[in-house]
**Q** 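Quick one: structure below, then a few questions.
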Protein chains: 2
Amino acid sequence: MTLKTLDNSLEVLKYFNKENPTWGVRELAKEMNISHSIIYRILTTFEQHGFLIQNPETKKYELGLRFLEYGQMVRDKLNLSDFVLPIMKNVADTVKESVFLTWLDGTDGVTVEIAESSQTIKFSVSIGTRTPLYIGASCKTMMAFLPAERKKEITDHGMKKLTPDTITDPDALLADLEKIQQQGWCFTTGEYAHSVFGLGVPLFNNKREVIASLTIAGPIYRKPTEDRLPEMINVLQYGAMNIQRYFDQYSFKLYHE
Amino acid sequence: MTLKTLDNSLEVLKYFNKENPTWGVRELAKEMNISHSIIYRILTTFEQHGFLIQNPETKKYELGLRFLEYGQMVRDKLNLSDFVLPIMKNVADTVKESVFLTWLDGTDGVTVEIAESSQTIKFSVSIGTRTPLYIGASCKTMMAFLPAERKKEITDHGMKKLTPDTITDPDALLADLEKIQQQGWCFTTGEYAHSVFGLGVPLFNNKREVIASLTIAGPIYRKPTEDRLPEMINVLQYGAMNIQRYFDQYSFKLYHE
DNA sequence: AGATTATGGTTCTATTATAGAAACATGTGA
DNA sequence: TCACATGTTTCTATAATAGAACCATAATCT
């Protein structure tokens, strides 16, 4: 059905992340429990195409410049900088916290655009960050609007705690999502990272399927009090409305699944 | 020696570029002269890993969000924004033209950082752009400092004209490179694009091998007159010196070949 | 409306590329 | 000097892939 060789190779790529940016052949082979010959062939083939480079001194491999090219092509395709980013910046300036646009991609949310708070203490993640849909305001906002069978896929797939506050009980999660869907926004504290709050609202394509979310996030000690939360929701929903208008106008299409 | 399946698959990826961002299965198979079954298996495998996504309506494939993730990891690794970009912005403000940092990657130069001119008419390319080393100021600056055998590889590999002014005669190119190496900078007009001038200087790693270049580029009608060129070279070399100091300090390592 | 010709997707098996062990070359630390 | 790392290469049984043929479906032409 699928190509096993390519499948394995892409699996190998996944081991190159921020925590482990460089790998030696045997080192990675041991980590993956695969023969080092196989890893060697995969790494050298990627290298020949510029997706990996080998440090000539340490002989270890790391991500190559080819990814810069493809990454930029995806960014250009999204073309969020021109119209969406100013809206996000506006929200960020108003609430004095960072604002994120998160895209639905399979069973993950991917951060595709960021408007950072001007404050010195702020929540900060980098573009391309990938988070399971059951964790945090930006992701749960999207998951809440998925059809039941896709929710089930996610809960069945097994859930891990990022913090003690991450909800991993399927029933508790589904009840939470139900509430989020009804009220149209999601407020969380400490689910994604210990000292962070998040407030998210969903964005839809022209078929009313959820495709993204807009989220405010900041340090937990600045989280809005209950009486000020409606105000923040208002600002966020106003920004989301403007972005939604842009999506609708250009019949925004970045497909999921 | 190398993995043929992976090799083919990465070759398929190359067909997804700015000019042709979306491909149908049979369409791409015809373009590559390969059975559509093969292409189908490759595309679906990439899709399962998020490197491609299929538009559920048109059934065509395009680049997926996974590249955003890897692209950002490479950007983070380069970490040019903090120290190098301010230097580039400084140069850009002084000369009132765009400034580019280009990385050596095999037989290409890759744009890795940009400081745009504040002028309304300016030369503009996007990050990740890949250009053969024999074309334009930013690339020839680097090629000039390569060992003779690598120059030969490039000239032997066949050269195409991007504009009528692109030098494609091996002897003429080598003579040009000789001059560039001696004077330490490269000034070109119309080689990369018809109405563009460029002025580049090289950057080296701690083994005195060329790894990058710093380039000023702008519309040809604003190109410096002969008596004002030395001034521009000065500004550029001063910026390059500061960047070079940063490279040396952090024993900058992004390997080529 | 029926025929034609596209498309994406599936199945099958001869062929071929790959897996994985073993060996090799080189470097390093004991 | 020996032992044990490392990346790299070679070999062949075996398993995965190539590629033709086919299916289902949608659009287009007659």
Side-chain angles (χ1 to χ4, degrees), chain A residues 1-16 20-64 106 206-207 251 253-257, chain B residues 1-16 20-64 106 206-207 251 253-257:
Chain A
M1 183 86 182
T2 59
L3 291 177
K4 193 160 178 286
T5 307
L6 179 55
D7 207 64
N8 284 341
S9 304
L10 297 180
E11 205 58 46
V12 166
L13 267 192
K14 288 194 185 150
Y15 282 77
F16 290 84
N20 305 87
T22 65
W23 287 96
V25 174
R26 277 177 136 99
E27 182 186 10
L28 183 51
K30 188 183 280 182
E31 177 74 22
M32 295 184 73
N33 264 313
I34 299 184
S35 158
H36 63 273
S37 319
I38 304 174
I39 299 292
Y40 175 74
R41 282 187 292 254
I42 292 173
L43 295 183
T44 49
T45 308
F46 273 127
E47 191 195 11
Q48 282 167 27
H49 289 261
F51 287 97
L52 293 174
I53 43 176
Q54 187 187 38
N55 183 325
E57 279 152 32
T58 66
K59 300 284 183 184
K60 288 177 188 289
Y61 292 82
E62 58 189 271
L63 296 176
N206 53 12
K207 290 192 289 188
S251 61
K253 47 177 175 23
L254 244 188
Y255 331 103
H256 45 289
E257 299 245 307
Chain B
M1 186 85 182
T2 59
L3 290 177
K4 192 161 181 286
T5 307
L6 178 55
D7 207 64
N8 283 342
S9 304
L10 297 179
E11 206 59 45
V12 165
L13 267 192
K14 287 193 185 150
Y15 282 77
F16 291 83
N20 306 86
T22 65
W23 287 97
V25 173
R26 276 178 138 96
E27 181 185 10
L28 184 49
K30 187 183 280 179
E31 177 75 20
M32 296 185 71
N33 265 313
I34 299 184
S35 158
H36 67 272
S37 318
I38 304 175
I39 299 293
Y40 175 73
R41 282 187 292 253
I42 292 174
L43 295 183
T44 48
T45 308
F46 273 127
E47 192 196 10
Q48 281 166 26
H49 289 262
F51 288 96
L52 293 174
I53 43 176
Q54 187 185 36
N55 184 324
E57 278 151 32
T58 66
K59 300 284 181 185
K60 287 178 189 290
Y61 293 81
E62 57 189 88
L63 295 177
N206 52 11
K207 289 192 289 188
S251 61
K253 46 178 178 17
L254 245 189
Y255 332 102
H256 44 290
E257 297 244 306

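In what follows, chains are A, B, ... by sequence order, proteins preceding strands, each numbered from 1. Remember, it's a predicted structure, so these values are computed and weren't measured experimentally.
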**Q** In Å, rounded to the nearest 0.5 Å, how long is the span from CG of B:Leu13 to CZ of A:Phe51?
**A**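 If I round to the nearest 0.5 Å, the distance is 5.0 Å.
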**Q** Which atom names give the shortest non-hydrogen contact between A:Lys60 and A:Thr22, and what distance separates them?
**A**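 Answer, listing the atom of A:Lys60 first, then A:Thr22: CD-OG1, 4.2 Å.
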**Q** Does B:Gln54 have a side-chain nitrogen or oxygen under 4.0 Å from the phosphate oxygens OP1 or OP2 of C:dG9?
**A**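 Affirmative; the distance criterion is met.
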**Q** As an exercise, state the distance from CG of B:Asn20 to OH of B:Tyr15, rounded to the nearest 0.5 Å.
**A**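 So the gap between those two atoms works out to 10.0 Å.
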**Q** Using modelled atom types only, decide if a donor and an acceptor are shared between the side chain of B:Glu47 and the backbone of B:Leu52 within a distance under 3.5 Å.
**A**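 No, because the side chain of B:Glu47 does not come within donor-acceptor range (under 3.5 Å) of the backbone of B:Leu52.
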**Q** Identify the pairs formed between an N or O of the protein and an N or O of nucleotides 21-23 of chain D at a distance under 3.5 Å, and give each distance.
**A**
none

**Q** What is the distance from CG of B:Leu28 to P of C:dG9, rounded to the nearest Å?
**A**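 Computing the B:Leu28:CG to C:dG9:P distance gives 13 Å.
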**Q** Mapping B:Ile38 and A:Trp23 to their closest nucleotides on DNA chain D, which lands nearer the 5' end?
**A**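 Taking each residue's closest nucleotide, the earlier one in sequence belongs to A:Trp23.
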**Q** Using whole Å, report how far CD of B:Glu31 lies from C1' of C:dT7.
**A**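 One finds 17 Å between C1' of C:dT7 and CD of B:Glu31, rounded.
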**Q** For the backbone of A:Leu3 and the side chain of B:Thr45, can you confirm whether one donor and one acceptor N or O come within less than 3.5 Å of each other?
**A**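 Pair found, side chain donor or acceptor close to backbone of A:Leu3.
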**Q** The side chain of B:Arg41 lies closest to which of these nucleotides: C:dT11, C:dG9, C:dA21?
**A**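 Of the options given, the side chain of B:Arg41 lies nearest C:dT11.
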**Q** Give me the bend of the helix from C:dA1-D:dT30 to C:dA30-D:dT1, using the axes of the five pairs at each end, rounded to 10°.
**A**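 Both end axes considered, the difference amounts to 30°.
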**Q** Would you kindly give the CD-to-P distance between B:Glu57 and D:dA26, to the nearest whole Å?
**A**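 About 14 Å, once rounded to whole Å.
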**Q** How many angstroms lie between atom CG of A:Asn8 and atom CZ of A:Arg41, to the nearest 0.5 angstrom?
**A**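 These two atoms lie 11.5 Å from each other.
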**Q** D:dG19 P sits how many Å from B:Lys30 NZ, rounded?
**A**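 Those two atoms, NZ and P, are 18 Å apart.
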**Q** Find the distance A:Leu43:CG to C:dT18:P and express it as a whole number of Å.
**A**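 A:Leu43 atom CG is separated from C:dT18 atom P by 15 Å.
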**Q** Looking at residues at least two apart in the chain, or sitting in another chain, which of them share a side chain to side chain contact (heavy atoms under 4.5 Å, CB included) with B:Ile34?
**A**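 B:Met32, B:Ile38, B:Ile39.
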**Q** Considering only side-chain heavy atoms of B:Val25, which listed nucleotide, D:dA20, C:dG8, D:dG7, is closest?
**A**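 Among D:dA20, C:dG8, D:dG7, the one nearest the side chain of B:Val25 is C:dG8.
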**Q** Rounded to the nearest angstrom, tell me the gap between atom CD1 in A:Ile42 and atom C1' in D:dG7.
**A**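 A:Ile42 atom CD1 is separated from D:dG7 atom C1' by 16 Å.
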**Q** Which pairs pass side-chain hydrogen bond (donor to acceptor under 3.5 Å, both in side chains) with one or both residues in residues 29-39 of chain B, sequence neighbours excluded?
**A**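 Checked against side-chain hydrogen bond (donor to acceptor under 3.5 Å, both in side chains) - neighbours excluded - the pairs reaching residues 29-39 of chain B are B:Ser35-B:Ser37.
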**Q** Kindly say if B:Tyr40 contacts the phosphate of D:dA18, meaning a side-chain N or O under 4.0 Å from OP1 or OP2.
**A**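 No, no such contact exists.
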**Q** Nearest-Å distance, CD (A:Glu27) to C1' (D:dA5)?
**A**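 Whole-Å distance recorded here is 12 Å.
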**Q** Between A:Thr44 and D:dT8, is there a contact of a side-chain N or O with OP1 or OP2 at under 4.0 Å?
**A**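 Checking A:Thr44 against D:dT8: no side-chain N or O falls below 4.0 Å of OP1 or OP2.
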**Q** Taking the side chain of B:Leu3 as its heavy atoms from C-beta onward, which of D:dT8, C:dT18, D:dA20 lies nearest to it?
**A**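 From the listed options, C:dT18 comes nearest.
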**Q** What pairs with B:Lys14 under salt bridge (charged side-chain N to carboxylate O under 4.0 Å, His left out), at least two apart in sequence or on another chain?
**A**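 Applying salt bridge (charged side-chain N to carboxylate O under 4.0 Å, His left out) to B:Lys14 gives B:Glu11.
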**Q** Return the set of residues passing side-chain hydrogen bond (donor to acceptor under 3.5 Å, both in side chains) with A:Asp7 (not counting sequence neighbours), or none when no residue passes.
**A**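 A:Asp7 satisfies side-chain hydrogen bond (donor to acceptor under 3.5 Å, both in side chains) with B:His49 only.
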**Q** Round to a whole Å and report the spacing from CG of B:Asp7 to C1' of D:dA16.
**A**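 For the pair B:Asp7 CG and D:dA16 C1', the rounded distance is 17 Å.
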